[in-house]
Amino acid sequence: MPGIAENLKAVRAQMDTAERKSGRNPDSVHLLAVSKTWPAEAVREAYTAGQRDFGENYVQEGVEKVVALTELPDLVWHFIGPLQSNKTRLVAEHFHWVHSIDRLKIAQRLAEQRDAQLPPLNVCLQVNVSGEASKSGVAPEDLLALARGVVALPRLHLRGLMCIPEPSEDEHLLASRFRLLVELRDQLQRELDVPLGTLSMGMSADMAQAIAAGSTLVRVGTAIFGGRPAKPAS
Ligand SMILES: *Cc1c(COP(=O)(O)O)cnc(C)c1O
């Protein structure tokens with residue numbers, strides 16, 4: 001079975017191919033390795049292979065890994081899962097990025113709880129691009145109001161948008177979901193007059209389509225670490 005280092009190489013090669021095919025510059029897409037359910041040792045192995053950005057979905061599990069790996073310089077931790085208001089403090093204290101903001105209340109708590117000594121917490125707003133087929137993410141019609149609220153908060157830096165389209169074999173449907181996020185980002189950028197450089201979209205199964213549509217960051221778990229056990233490891 002290929003190891004993590006080989007998988008990373010293969011994923012980077014796929015990203016390269018997708019960038020070239022869609023006429024984008026090489027290295028214009030950032031790779032986030034989604035290490036949820038995998039032990040700190042797996043993160044260390046990916047780190048040794050040159051990977052620096054890691055994504056976690058579960059607060060407790062993520063914080064344990066952040067703390068276990070503090071001796072590795074330049075690690076960048078992204079929280080990408082659903083976030084409840086009673087868990088915001090741990091995320092504000094331990095992560096560099098949060099991709100899954102879909103309510104102002106969560107952003108307000110993160111802003112209050114982010115230590116002023118730390119750099120601002122980078123945040124993306126998660127948008128529901130799938131309508132009734134999905135429950136998470138802010139509805140496109142509520143995005144502008146949420147973004148205005150977030151931009152006004154201290155200690156947060158609004159970087160862009162994130163989406164998780166419903167799983168689909170239909171390439172055209174997927175492409176239209178990704179294009180919607182790009183359009184919403186473009187509109188929002190004009191309305192707010194702030195740069196929103198991050199489009200967090202694409203996972204193991206759909207990263208090529210996401211890159212073709214304009215993704216700047218793909219979140220890849222399975223293709224790097226392998227299939228996950230059914231339940232999160234505790
Ligand atoms: C698990 C997860 C990923 C990675 O999914 P894979 O299919 O394993 O690549 C990406 N983004 C989010 C929000 C996730 O929860």
Side-chain angles (χ1 to χ4, degrees), residues 1-4 6-15 17-18 29-39 42-43 45-46 49 51-63 65-66 76-84 87-88 91 95-103 106 122-130 133-138 159-171 173-174 177-178 180-181 198-234:
M1 238 179 62
I4 290 171
E6 282 165 73
N7 291 346
L8 269 170
K9 217 189 250 177
V11 167
R12 292 205 190 98
Q14 274 176 268
M15 291 170 64
T17 305
V29 184
H30 215 71
L31 175 58
L32 174 58
V34 178
S35 44
K36 66 182 178 203
T37 77
W38 296 102
V43 173
E45 202 175 323
Q51 180 63 29
R52 291 295 177 270
D53 287 78
F54 292 89
E56 289 287 335
N57 275 58
Y58 310 102
V59 176
Q60 201 60 46
E61 182 201 325
V63 168
K65 274 177 247 181
V66 174
V76 182
W77 289 101
H78 301 243
F79 189 80
I80 61 175
L83 185 50
Q84 273 130 27
K87 299 274 180 67
T88 51
V91 171
F95 283 80
H96 303 92
W97 284 72
V98 177
H99 292 227
S100 45
I101 306 278
D102 61 1
R103 286 178 289 153
I106 297 293
N122 298 294
V123 299
C124 292
L125 307 180
Q126 182 177 350
V127 182
N128 178 4
V129 292
S130 303
S134 169
K135 286 197 183 75
S136 48
V138 63
R159 302 295 299 268
L161 303 180
M162 179 270 230
C163 72
I164 312 173
E166 76 275 38
S168 172
E169 306 274 294
D170 181 345
E171 305 242 330
L173 180 77
L174 272 177
R177 302 304 195 213
F178 291 135
L180 174 58
L181 197 74
T198 301
L199 283 165
S200 169
M201 56 188 203
M203 322 203 316
S204 296
D206 57 16
M207 68 179 156
Q209 289 97 328
I211 290 171
S215 170
T216 68
L217 181 152
V218 288
R219 309 176 309 268
V220 179
T222 309
I224 296 172
F225 296 105
R228 284 179 292 273
K231 281 192 183 153
S234 50

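All values derive from a computational prediction rather than experimental measurement. By convention here, the first residue in the shown sequence is residue 1. Atoms within a ligand are numbered from 1 in the order they appear, just like the ligands themselves. Worth knowing before you read on, the calculation uses all heavy atoms, side chains too, and leaves out hydrogens, waters and symmetry mates.
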List ligand 1's nitrogen or oxygen atoms that come under 3.5 Å of a protein nitrogen or oxygen, with the partner atom and distance.
from: ligand 1; atom 1: 8 (O); to: Thr222; atom 2: N; distance (Å): 2.8
from: ligand 1; atom 1: 8 (O); to: Thr222; atom 2: OG1; distance (Å): 2.6
from: ligand 1; atom 1: 8 (O); to: Arg228; atom 2: NH1; distance (Å): 2.8
from: ligand 1; atom 1: 8 (O); to: Arg228; atom 2: NH2; distance (Å): 3.2
from: ligand 1; atom 1: 9 (O); to: Ser204; atom 2: N; distance (Å): 3.0
from: ligand 1; atom 1: 9 (O); to: Ser204; atom 2: OG; distance (Å): 2.5
from: ligand 1; atom 1: 9 (O); to: Gly221; atom 2: N; distance (Å): 2.8
from: ligand 1; atom 1: 11 (N); to: Arg219; atom 2: NE; distance (Å): 2.9
from: ligand 1; atom 1: 15 (O); to: Lys36; atom 2: NZ; distance (Å): 2.7
from: ligand 1; atom 1: 15 (O); to: Asn57; atom 2: OD1; distance (Å): 3.4
from: ligand 1; atom 1: 15 (O); to: Asn57; atom 2: ND2; distance (Å): 2.8

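Thr216 contributes a side-chain N or O that, together with a main-chain N or O of Leu199, makes up a donor-acceptor pair within less than 3.5 Å.
Evaluation of the side chain to side chain contact (heavy atoms under 4.5 Å, CB included) rule for Ala42 yields Ile4, Trp38, Pro39, Phe225 as partners, not counting sequence neighbours.
Looking only at side-chain heavy atoms (C-beta outward), Met207 and Val11 come within less than 4.5 Å of each other. Counting heavy atoms from C-beta on, the side chains of Leu32 and Trp97 never come closer than 4.5 Å. The shortest side-chain heavy-atom distance between Arg219 and His99 falls under the 4.5 Å cut-off.
By the 6.0 Å contact criterion, CD on Glu166 is enclosed, its count of non-hydrogen atoms from other residues, nucleotides or ligands being greater than 12.
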